[in-house]
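The next block holds one structure in the form of structure tokens; read it before the comments.
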Amino acid sequence: MMKLDHPLIAERAVARHCQELLGSGPGIAELVPALSLIGERLTRALAAGLARLSGGRAPVVSIGMPMDTTLGAIQAELDTLAMHSLLALGPDGHPALATFAAAPVFRLVDRAFGGKGEVPDPLPDAFPLSAELLLGRIEATLAEALGTALGGAQPLRVVPCRRETSLRQLDPFAMNADLLQLAIEVEEEGAAPWSLTIAFPIATLAAVATVPRHRARGPRRDGPADPAAEPYASLPLSVSAVVIDMRLDFARVAALSAGDVIPVAIARAVPLRVGGRTVATGTVGEVEDRVAIQIGHAF
């Protein structure tokens with residue numbers, strides 16, 4: 001077998017294709033607006049679900065702007081006990097992570113048993129069974145609301161998979177994976193607010209979120225625009241008919257009271273104005289017992 005040692009052949013680089021041709025997925029800048037819309041729908045769905053869960057009035061649910069983070073950053077911010085729930089989104093089971101800090105959970109447990117929502121001090125090293133049961137119900141409610149927010153008319157299937165207090169043991173995705181996180185705050189009447197967070201890997205959002213795309217520009221039209229053609233034809237405009245245009249000094253205006261009569265003269269040519277510009281003039285008349293303007297001249 002002949003061996004080729006030509007330097008040009010040995011140093012030939014592997015072919016590379018640009019990301020535009022490869023059809024790369026949306027980036028963080030495109031996914032942030034999509035996740036914001038999901039967050040708006042999630043507030044309504046979660047409020048309704050929590051109302052059914054407690055059997056009371058719907059709480060006020062608010063969601064902040066999506067923030068980029070990583071699993072390592074989430075772990076670094078938690079200096080106390082927390083519960084992490086791994087969620088599987090859609091038929092392909094794309095992962096997402098819900099995190100519940102310990103203090104809000106214990107506050108909810110205390111209220112569920114008739115207390116005022118007090119938090120034990122110091123916090124225990126593990127969640128009791130009562131907290132686990134309550135978290136399971138909130139977790140199911142959150143999964144249902146998230147499925148509604150993601151799916152719209154046809155809810156997306158969201159399934160809680162596992163819960164762990166250790167992120168390393170749960171191992172939902174790579175520690176340095178790019179994530180977008182939503183912070184959710186729930187305010188209920190007569191109680192202190194409580195919160196949770198949901199983190200989505202970029203790959204998960206790219207798979208389950210509808211990312212708005214810019215429409216391709218159509219062919220350029222030459223010549224002046226036709227006001228009788230769309231999209232201009234159906235554009236609503238405010239038209240004002242100036243029947244009376246008069247001047248009064250300030251002393252006369254200040255002295256006006258109920259019952260005063262001010263004589264006015266109606267102009268023969270009533271101007272019709274759009275945006276402060278006169279487009280036509282006409283005379284005052286009547287059609288079917290309604291005051292009307294008959295156009296006499298149009299500009």
Side-chain angles (χ1 to χ4, degrees), residues 35 38-39 42-43 45-54 56 58-64 66-67 69-89 95-113 115-150 158-173 175 179-188 191-201 204:
L35 186 54
I38 292 171
L42 181 58
T43 57
L46 187 57
L50 291 174
R52 292 194 302 269
L53 179 63
S54 63
V60 177
V61 179
S62 56
I63 296 183
M67 303 294 293
T69 185
T70 63
L71 204 62
I74 293 175
Q75 187 175 35
E77 291 175 359
L78 295 171
D79 54 357
T80 58
L81 179 67
M83 182 65 75
H84 307 281
S85 175
L86 178 62
L87 306 174
L89 280 55
L97 179 71
T99 298
F100 305 85
V105 173
F106 281 107
R107 189 179 298 121
L108 290 173
V109 170
D110 186 66
R111 286 176 48 205
F113 285 90
K116 298 180 180 180
E118 297 179 352
V119 179
D121 188 19
L123 288 171
D125 296 329
F127 287 102
L129 180 59
S130 57
E132 291 271 4
L133 293 174
L134 179 62
L135 277 173
R137 298 178 65 189
I138 297 176
E139 185 184 65
T141 302
L142 175 63
E144 180 183 0
L146 185 57
T148 300
L150 288 169
V158 178
V159 180
C161 297
R162 300 197 321 273
R163 289 199 307 268
E164 297 286 349
T165 56
S166 170
L167 273 178
R168 293 190 180 278
Q169 188 172 352
L170 184 64
D171 192 25
F173 20 80
M175 295 293 288
L179 311 174
L180 280 176
Q181 186 181 56
L182 286 177
I184 304 174
E185 185 171 274
V186 181
E187 297 182 49
E188 299 176 273
W194 57 279
S195 60
L196 63 117
T197 61
I198 310 178
F200 303 86
T204 292

Heavy-atom check, side chain of Phe100 versus side chain of Leu108, under 4.5 Å | no
For Gly64 and Leu182, the nearest pair of non-hydrogen atoms, with its separation, is O-CD2, 3.7 Å
Got Ile138 and Trp194 here, is their nearest side-chain heavy-atom distance under 4.5 Å? yes
Value for SG (Cys161) from CG (Leu87), rounded to nearest 0.5 Å, stands at 7.0 Å
Val61 and Val186 have their tightest heavy-atom pair at CG2-CG2, 4.3 Å
Rounded to the nearest 0.5 Å, the CD1 atom of Ile38 sits from the CG atom of Leu150 at a distance of 5.0 Å
Contacts table for residues 117-136: side-chain donor-acceptor under 3.5 angstrom, sequence neighbours left out:
unit_1: Glu132; atom_1: OE1; unit_2: Arg163; atom_2: NH2; d: 3.1

### More than 12 heavy atoms from other groups under 6.0 Å of CE on Met67
no
Worksheet item: Any side-chain heavy atom of Ile198 within less than 4.5 Å of one from Leu42?
Response: yes
Heavy-atom closest pair (Thr197 atom, Ala183 atom, distance to 0.1 Å) is CG2-CA, 4.1 Å
Residues passing the salt bridge (Lys or Arg N to Asp or Glu O under 4.0 Å) test with Arg52, sequence neighbours excluded, are Glu144
### 4.5 Å side-chain heavy-atom contact, Leu179 and Phe173
yes
- prompt: If we only count heavy atoms from C-beta on, is the Ile63 to Leu46 side-chain gap below 4.5 Å?
  reply: no
CG (Leu170) and CZ (Arg162) are apart, to the nearest 0.5 Å, by 5.0 Å
So do Leu71 and Pro172 actually touch side chain to side chain, heavy atoms under 4.5 Å? yes
For Ala96 and Leu89, the nearest pair of non-hydrogen atoms, with its separation, is CB-CD1, 3.8 Å
Between Ala143 and Val158, the two heavy atoms sitting closest are O-CB, 3.4 Å
message = If you define the side chain from C-beta out and look only at heavy atoms, does anything of Val105 sit under 4.5 Å from Met83?
response = no
Heavy-atom closest pair (Ala82 atom, Thr99 atom, distance to 0.1 Å) is CB-CG2, 4.5 Å
Separation between CD (Glu77) and OG1 (Thr69), nearest 0.5 Å, reads 5.5 Å
In this structure, OG1 of Thr70 is separated from CD of Gln75 (nearest 0.5 Å) by 9.5 Å
